[in-house]
S.K.: 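Please read through the structure below; I'll follow up with questions.
All of these numbers come straight from a predicted model, not from anything done at the bench. So you know, we letter chains A, B, ... as the sequences are listed, proteins then strands, and number each from 1.
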Protein chains: 2
Amino acid sequence: MNFGFKAILTTGQAPLYAQIRGHLLQRIALGLWKPGDLLPSETALADEFAVSQGTVRKALDGLVANNLVVRHQGKGTFVATHTPQRELFHFFHLVDQNFTRQMPETSRLISCQLRRGERHELHNLKLGSNAHVVVIRRVRRLYGKPVIMERIVVPSKLFPGLSENDNVPNELYHFFEKTYGVTIHKAIENIYATSANQETSLYLGLKQGAPVLGITRIAESLDGAPVEYRLSLCNTCAHTYMNEIV
Amino acid sequence: MNFGFKAILTTGQAPLYAQIRGHLLQRIALGLWKPGDLLPSETALADEFAVSQGTVRKALDGLVANNLVVRHQGKGTFVATHTPQRELFHFFHLVDQNFTRQMPETSRLISCQLRRGERHELHNLKLGSNAHVVVIRRVRRLYGKPVIMERIVVPSKLFPGLSENDNVPNELYHFFEKTYGVTIHKAIENIYATSANQETSLYLGLKQGAPVLGITRIAESLDGAPVEYRLSLCNTCAHTYMNEIV
DNA sequence: GAGTGGTCTAGACCACAGA
DNA sequence: CTGTGGTCTAGACCACTCT
């Protein structure tokens, strides 16, 4: 179907391809097209928006650059999904001495509870003052040794029933996407050095006061709302946080 | 002039635009076009390589995406330069509590000496076993307080006379580019937590053994060779290393 | 006004996947 | 074989910069 978009769109100032990019993005963010779905072909989209195929292509190129869609020659264009691969290479930055990433082994869940959010949690998640959150605490292992202690805070509203789940899977973002329709899109991490307190030292097998790497992460969903506030404390005796600057 | 590129190029398998991108990249890496230089116009390049303007455009788009060239409508396409802005936003990741970057103030140079490279330095810089290096040590300040202690190791061969310079400027990459024709293109950082030794604690005003953030950086020039091996030790009491995952 | 990059079009051909 | 995305072309018009 043709909504007569072009006539409307050309009245604006942004380039056509950017406007179409916005429309496509919106459909993904609204869940009209879910992760893994096949998008209409370029020619179909060109017909719908009444523009040339080249313009649709440029709009799609932008979405590819942002990891929002994936293209496969001969098959089509698909909404990107959180595969373990993507989660590992995109969101997991601890590497060993050979600079190779490894998938963390099954994590040990310490607790998963629903409670009223603390002030800094609510602030970071941009929630109202009485909102509840689900707090997941777990220890992640690499090569059999406990290396990361995590506290993950998410709004309970977006994850109904999560706190009753006593078997939170390892691949959290894949799980969020599949079970709750929440797609993590980007994140900001802040990294600092601190000392292990008693509990941390216990879980990570360190002396109390040993230096550990602290990482806070605020992750956004597709619509730009913060949906995860995470604190990771890492033993960096045998691993480092690797960051490529390109 | 027309070198008859197209006939040669089409025998290969890589797409035309990628091959042209490679040729342009080579001219930049070889210094034929230096930072700040104006490239020939799209039409001129299209003529030279005997392809359409659209193909040249796609090649240039790739270089733009890699921060190798900058385009200005109405003016032309220029080889990218290391402005203080770029150096700050691209290569400097320490932010304060408000998550804002700030330009480090004039750094205090501790030493700048020429000596035989140690084994791990030579390994990280991919140098032969008898190569010499220049080692710069300095303390950088933020808001008047010493926050970062740096040791920067570069091959002496690429930086003749650097060790006699007793006034190394703050903007190192801009200085490298302007004075030695060495353009830093990308880098890999590895981050870990450690304890301040006596010297570090002294320079950073910390107690001995206090947790500090360690950052090693290996930076590459345009031709892909490692040209800088840097260790930064940071006091993260009032700052964090910010990393955006997009 | 002349020259630059930025947008948009229409059409051709190729490479790949799947029925 | 058809349909998909990937490459490449030729040309039009616009927005911007400088003279």
S.K.: Answer yes or no: does a side-chain N or O of A:Thr77 lie under 4.0 Å from OP1 or OP2 of D:dT4?
M.R.: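 Looking at the OP1 and OP2 atoms of D:dT4, neither is under 4.0 Å from any side-chain N or O of A:Thr77.
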
S.K.: Please state whether the phosphate of C:dT4, meaning OP1 or OP2, lies under 4.0 angstrom from any side-chain nitrogen or oxygen of B:Ser41.
M.R.: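 For B:Ser41, the contact criterion (side-chain N or O under 4.0 Å from OP1 or OP2 of C:dT4) is met.
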
S.K.: Which heavy-atom pair separates B:Glu220 from B:Gly224 by the least distance, and what is that distance?
M.R.: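 Nearest pair, atom of B:Glu220 first, then B:Gly224: CD-O, 3.5 Å.
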
S.K.: Could you state the CG-C1' distance from A:Leu45 to D:dG3, rounded to the nearest angstrom?
M.R.: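 It is 14 Å, rounded to the nearest whole Å.
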
S.K.: Hey, which sits more toward the 5' end of DNA chain C by its nearest nucleotide, A:Lys75 or A:Gly54?
M.R.: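 Result: A:Gly54.
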
S.K.: From OH of A:Tyr17 over to P of C:dT9, roughly how many Å is that when rounded to an integer?
M.R.: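 To the nearest whole Å, that distance equals 13 Å.
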
S.K.: Counting only heavy atoms not in B:His123 (residues, nucleotides, ligands), do more than 12 fall under 6.0 Å from its NE2?
M.R.: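 At most 12 heavy atoms, drawn from other residues, nucleotides or ligands, come within 6.0 Å of this atom.
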
S.K.: At less than 4.0 Å, is any side-chain N or O atom of B:Lys58 found next to OP1 or OP2 of D:dT7? Yes or no.
M.R.: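 Affirmative; the distance criterion is met.
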
S.K.: Does a donor on one side chain sit under 3.5 Å from an acceptor on the other, for A:Thr81 and A:Thr83?
M.R.: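 No pair is found: no donor N or O on one side chain lies under 3.5 Å from an acceptor on the other.
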
S.K.: Looking at D:dC8, C:dT7, D:dG6, which one has an atom nearest to any side-chain atom of A:Arg57?
M.R.: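 Among D:dC8, C:dT7, D:dG6, the one nearest the side chain of A:Arg57 is D:dG6.
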
S.K.: Tell me the interatomic distance from B:Phe78, atom CZ, to D:dC18, atom C1', rounded to whole angstroms.
M.R.: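 For the pair B:Phe78 CZ and D:dC18 C1', the rounded distance is 12 Å.
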
S.K.: Whole angstrom is fine here: how far is it from CZ in A:Phe49 over to C1' in C:dT9?
M.R.: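 Taking atom C1' of C:dT9 as the reference, CZ of A:Phe49 is at 18 Å.
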
S.K.: Search all heavy atoms of B:Val168 against all heavy atoms of B:Cys112 and return the closest pair with its distance.
M.R.: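 Smallest interatomic distance, heavy atoms only, reads CG2-SG, 4.3 Å.
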
S.K.: Applying ring-ring contact (aromatic ring centres under 6.0 Å, His included), name anything that partners A:His185, two or more places apart in sequence or on another chain.
M.R.: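 Per chain and number, A:His185 pairs via ring-ring contact (aromatic ring centres under 6.0 Å, His included) with no residue.
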
S.K.: Would you jot down, in residue-number order, the residues of residues 63-73 of chain A having a non-hydrogen atom under 4.0 Å from DNA chain D?
M.R.: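 Going residue by residue through residues 63-73 of chain A, the ones with a heavy atom under 4.0 Å of DNA chain D turn out to be A:Arg71, A:His72, A:Gln73.
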
S.K.: I'd like to check the side-chain contact (heavy atoms from CB on, under 4.5 Å) partners of A:Ala225; sequence neighbours left out, ordered by chain and number.
M.R.: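 By the side-chain contact (heavy atoms from CB on, under 4.5 Å) rule, A:Ala225 matches A:Ser221, A:Asp223.
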
S.K.: Under 30°, 30 to 60°, or over 60°: which ring-plane class applies to B:Tyr241 and A:Tyr241, parallel, tilted or perpendicular?
M.R.: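 Judged by the thresholds at 30° and 60°, the geometry between B:Tyr241 and A:Tyr241 is perpendicular.
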
S.K.: For C:dT7, take OP1 and OP2 only and decide whether either is under 4.0 Å from a side-chain N or O of A:Thr55.
M.R.: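 For A:Thr55, the contact criterion (side-chain N or O under 4.0 Å from OP1 or OP2 of C:dT7) is not met.
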
S.K.: Just compare D:dT7, D:dC8, C:dC8 and give me whichever is closest to any side-chain atom of A:Pro15.
M.R.: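 Closest nucleotide among those given: C:dC8.
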
S.K.: To the nearest angstrom, how far is A:Glu42 atom CD from C:dT9 atom P?
M.R.: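 Atom CD in A:Glu42 sits about 14 Å away from atom P in C:dT9.
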
